[in-house]
Q: 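Shown below is the structure under consideration.
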Amino acid sequence: MTGACWRRQSLRRSWTLFREWPQRCTLPCRGRRQKSQDVRERAVKPNPREGPCNTSGNASETASVSDAGAAAEFSAARQVERQEELALLGGGFARIRHQHRSGKLTARERLHILLDRGSFQELDRLVRSRDSPAAQGRTTARGSHVPGDGVVTGHGFVHGRTVFVYSQDFTVAGGSLSEANAGKICKVMDLAIQAGAPLIGICDSGGARIQEGVRSLAGYAEVFKRNVLASGFIPQLSLILGPCAGGAVYSPALTDFVLMNRQHAHMFVTGPEVTSAALGERATRDELGGAAIHCRVSGVAHLAGDDDIAVIQLAKELLSYLPQSAGVSVPRTCTDDPRDREDPVLNRLVPADPHIPYDMHHVLERLVDREEFLEIQPDFAPNMITAFGRVDGHSVAVIANQPQQLSGCIDIDAAVKASRFVRFADAFGLPIITLVDVPGFLPGTQQEHGGIIRHGAKLLYAYTEATVPKLTVIIRKAYGGAYCVMASKQLRGDLNAVWPNAQIAVMGAAAATQILHRNASEETSETQRRAYARDYLHALTALERGYVDCVVQPHKTRLWLANGLMLLQHKQREALREPWPPKKHDNMPL
């Protein structure tokens, strides 16, 4: 479809939305003619309780008072109706057309796609900026007098489940955040916490409203505070579908998942102009804070889509795996995929040689229902897979090493990525499945200087602290400290299994031989390497000491996972919180 056709269709959808919106809102709007007729009827129709009309000399005075009251009522009703019409149009048709020409949808169109049809209930539609356009010589933002003040807030359903939403309107004062604007967002955040329902924020804003000064900054701080208070209690999603700069970036950063539009989304604390003036660095908006940068380099964003619709669909898919809040059971769906399905392909999918790479995605897709899963941050630290899937209808969080990337080694980015994912799953009661094939932590001065010790400790800490069901399968190898970190039994793993040829050791045979027999000849070293592999590169010792619970055949791994989830579905999580020693909170190595 050409760009012109797409824009015409978008404009047509927008116009249809504006015409249909009054029928979907809480206060239905009727036509001017019908309201006028109602007012006239109320003005002239006698009240049957008062008997026949008074035809005395006071009749004309009574009629005048009645007409005046009816006129005032009509005027007030018409004024409210007019304000609602202005609020629905946002910045007006000219700016809506400009939004469409840019390839973006409006704030209300985005909510129309996100929410189930007819479910949206808007809040604070007529809230205005608290700055008067003629406020004692001060300038006001262009468009800030429009009802709604640049953000649409409310609640609705996504796949029949309640969610609270706010959508910034770039057509009104550039979507800038004001005191009133922030008040609307804070109200809907408070309601989301009280109702225990997910919060979705759609960001498309130029930043703080400069004309309001510190009041807009205080509004940002109020939003940040509620992001922190809601963290770990309700899922929070941020959809970046336009600019998000300055202090505004910290609200998405405090939420659980950030989804970006590849074409129009930008996130940065300081823009290209400030960066150039301060440091002399020249960079475009995409190079500084585009979706590609945040998905691959910084790790700020978790998912990305090609346009607004694609991002919204990703958000809806992500929500399907998540509970409503921390106090609600994990969603379970009906599935036609048998829990005892055996897949013989798994028996030959993983090479026996630990140095030969393979794609862990192929293992994962044969273990989950219908071979479907949603990978989180697929482009950031690809040597560590984090994904949501389902096993026997249960939503699960999956963490797996990826031998195709860096041989599956754990580096700084992988440790940070996995530790945050573990903490999210633990906060919302999602069982954690860990698939292990790791040769250790990535060596090198870059990693050591970057703090691999500190960042690797985050993953160890997150797994130890987690009290949700934890099931671990060692697919091929687990060496050194990485064995400990990847949900080992000693870190309170509930069920741990190994595939028949799995290796558990301090290090691989070649590295061990170089240390133990460093002065030996090449022929002797090869003999010693084979002896080390025979004596130490296996899981027998771990099985004998109970560090691993059992050996599971690859083709029966799905059944083992399903049985384990059923066994642990009523696990007493709070009982596992160590009561000793008494403390206010932990001090995680952040």
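Since this is a predicted model, take the numbers as computed values, not measurements.
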Q: Can any side-chain N or O of D340 pair as donor or acceptor with the backbone N or O of L559 at less than 3.5 Å?
A: no

Q: Quiz question: by atom type and distance under 3.5 Å, do the side chains of D392 and H394 form a donor-acceptor pair?
A: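 No.
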
Q: Below 4.0 angstrom, N of the basic side chain to O of the carboxylate: do D190 and R226 qualify?
A: yes

Q: Main chain of T386, side chain of Q377: is a donor-acceptor contact present, judged purely on distance under 3.5 Å?
A: no

Q: Output yes when a side-chain donor or acceptor of E179 lies under 3.5 Å from a complementary backbone atom of E212, and no otherwise.
A: no

Q: Counting C-beta onward and ignoring hydrogens, is there a side-chain heavy-atom pair between I202 and D204 closer than 4.5 Å?
A: no

Q: Any carboxylate oxygen within less than 4.0 angstrom of a Lys/Arg side-chain nitrogen, looking at K187 and D124?
A: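 Yes, this pair counts.
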
Q: Can you tell me if T153 uses its side chain to pair, donor with acceptor, with the backbone of I185 under 3.5 Å?
A: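 No.
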
Q: Answer yes or no: are there more than 12 heavy-atom neighbours, outside R370 itself, under 6.0 Å from its atom CZ?
A: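 Atom CZ in R370 is not crowded, with 12 or fewer foreign heavy atoms closer than 6.0 Å.
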
Q: Would you say CG of L374 has more than 12 non-hydrogen atoms from neighbouring residues, nucleotides or ligands within 6.0 angstrom?
A: yes

Q: Tell me whether the count of non-hydrogen atoms from other residues, nucleotides or ligands lying under 6.0 Å of CZ in R296 goes above 12.
A: no

Q: Looking at H159, I want to see if its NE2 is surrounded by more than 12 non-hydrogen atoms of other residues, nucleotides or ligands under 6.0 Å.
A: yes

Q: Are any side-chain N or O atoms of Q324 and backbone N or O atoms of A197, one a donor and one an acceptor, separated by less than 3.5 Å?
A: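 No, Q324 side chain to A197 backbone: no donor-acceptor pair under 3.5 Å.
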
Q: Looking at N383 and Q405, would you say the former's side chain and the latter's main chain have a donor-acceptor pair under 3.5 Å?
A: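 Absent.
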
Q: Is any side-chain heavy atom of V163 less than 4.5 Å from a side-chain heavy atom of L114?
A: no

Q: Is it the case that R390 places NZ or CZ above or below the six-membered ring of Y321, under 6.0 angstrom from the centre and within 45 degrees of the axis?
A: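 So R390 does make the cation-pi contact.
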
Q: What closest approach, in Å, do A192 and I234 show between heavy atoms, and which atom pair accounts for it?
A: CB-CD1, 3.8 Å

Q: Using a strict threshold of under 4.0 Å (side-chain N to carboxylate O), is an ion pair present between E85 and R78?
A: yes

Q: With heavy-atom distances below 4.5 Å as the criterion, would you say the side chains of L239 and R110 are in contact?
A: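 Not touching, per the 4.5 Å side-chain cut-off.
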
Q: What closest approach, in Å, do I240 and P252 show between heavy atoms, and which atom pair accounts for it?
A: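 So the two residues come closest at CD1-CG, 3.8 Å.
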
Q: Under a 4.5 Å cut-off applied to non-hydrogen side-chain atoms, are F224 and S251 in contact?
A: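 Yes; the side chains approach each other to less than 4.5 Å.
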
Q: Using atom types as modelled and distance alone, determine if a side-chain donor or acceptor of K571 lies under 3.5 Å from a backbone N or O of T467.
A: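 Between the backbone of T467 and the side chain of K571 there is a qualifying donor-acceptor contact (under 3.5 Å).
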
Q: State whether F380 and K417 meet the cation-pi test: NZ (Lys) or CZ (Arg) under 6.0 Å from the six-membered ring centroid, and within 45° of the perpendicular axis.
A: no

Q: Report the residues that fulfil side chain to side chain contact (heavy atoms under 4.5 Å, CB included) with R341, sequence neighbours left out, ordered by chain and then residue number.
A: D337, P338, D343, R558

Q: Determine whether the side chains of S178 and S129 contain a donor N or O and an acceptor N or O closer than 3.5 Å.
A: no

Q: Under 3.5 Å, is there a donor-acceptor pair between the side chain of R423 and the main chain of S419?
A: no

Q: So, the side chain of Q236 versus the backbone of N227: is there a donor-acceptor pair under 3.5 Å, distance only?
A: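 Yes: the side chain of Q236 pairs with the backbone of N227.
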
Q: Indicate the ring-plane relationship of F268 and H266, choosing parallel, tilted or perpendicular according to the 30° and 60° boundaries.
A: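 Judged by the thresholds at 30° and 60°, the geometry between F268 and H266 is tilted.
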
Q: Taking the side chain as C-beta and beyond, is there a heavy-atom pair between H361 and Q402 under 4.5 Å?
A: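 A side-chain contact exists here, since the closest heavy-atom pair is under 4.5 Å.
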
Q: Name the orientation class of the two ring planes belonging to F257 and H302 (parallel below 30°, tilted from 30 to 60°, perpendicular beyond 60°).
A: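 Correct class here is perpendicular.
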
Q: Before you tell me yes or no, could you show the steps for V269 and V249 under side chain to side chain contact (heavy atoms under 4.5 Å, CB included), namely the whole-Å CA-CA distance, both residues' side-chain angles and the distance that decides it to 0.1 Å?
A: CA-CA 7 Å; V269 178; V249 300; 3.9 Å; yes

Q: When you compare the side chain of I200 with that of L319, does any pair of heavy atoms fall below 4.5 Å?
A: yes

Q: Could you tell me whether the side chain of V172 reaches within less than 4.5 Å of the side chain of R95, counting heavy atoms only?
A: no

Q: Quick check: do D307 and H264 have side-chain heavy atoms less than 4.5 Å from each other?
A: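 No, their side chains stay 4.5 Å or more apart.
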
Q: Just by distance, do the side chain of Q168 and the backbone of S176 share a donor-acceptor pair under 3.5 Å?
A: no

